[in-house]
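Just below is one structure, and these are the notes that go with it.
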Amino acid sequence: MTGDALSNLLAQQRRAFVAHVPTYADRMGALMAIGDALRAREEQIVQAVSADFGGRAAEETRLLELLPLYDQIRHAQRHLKRWMRRT
């Protein structure tokens with residue numbers, strides 16, 4: 001991609017962002033949706049990881065893969081207002 005093409009793409013992305021700046025409610029809703037999707041598919045995720053690792057224990061996958069994700073979602077939810085403050 002050329003420099004002009006990248007500049008045009010960046011300008012287009014900036015216009016799209018300014019046209020709809022996500023609100024606190026939008027972003028909190030997205031975080032909640034991610035958590036809900038993970039919980040709804042947790043067993044499928046555990047099974048897929050087990051298949052990839054050739055028989056990994058479900059508890060290990062929950063501890064090492066899913067709990068950190070849930071923790072990061074909660075962290076983002078707790079700090080979202082502060083992160084969105086204008087400086």
CE-OG1 distance between M84 and T23, expressed to the nearest 0.5 angstrom: 6.5 Å
Residue pairs involving residues 51-87 (criterion ring-ring contact (aromatic ring centres under 6.0 Å, His included); sequence neighbours excluded): H75-H79, H75-W83, H79-W83
Heavy-atom closest contact (L63 atom, P68 atom, distance): O-CD, 3.3 Å
Closest contact, heavy atoms only, T61 versus R56: OG1-CD, 3.3 Å
Atom pair CG/CD of L38 and Q44 - distance to nearest 0.5 Å: 11.5 Å
Partners meeting side-chain contact (heavy atoms from CB on, under 4.5 Å) with Q72 (sequence neighbours left out): none
Cluster companions of F17 among Ile, Leu, Val, Met, Phe, Trp, Tyr (side-chain spacing under 4.5 Å): V21
E43: partners by salt bridge (charged side-chain N to carboxylate O under 4.0 Å, His left out), with sequence neighbours left out: R62
Non-neighbouring partners of A57 that pass side-chain contact (heavy atoms from CB on, under 4.5 Å), sequence neighbours left out: E59, E60
Set of side-chain contact (heavy atoms from CB on, under 4.5 Å) partners for L10, sequence neighbours left out: Q13, R14
Set of residues satisfying side-chain contact (heavy atoms from CB on, under 4.5 Å) with respect to R85, sequence neighbours excluded: R82
Pairs involving residues 1-10, ordered by first then second residue, that meet side-chain hydrogen bond (donor to acceptor under 3.5 Å, both in side chains) (sequence neighbours left out): none
Side chains of E42 and L66 in contact at under 4.5 Å (non-hydrogen atoms): yes
Listed once per pair and sorted, the salt bridge (charged side-chain N to carboxylate O under 4.0 Å, His left out) pairs that draw on residues 19-36, sequence neighbours left out: D36-R39
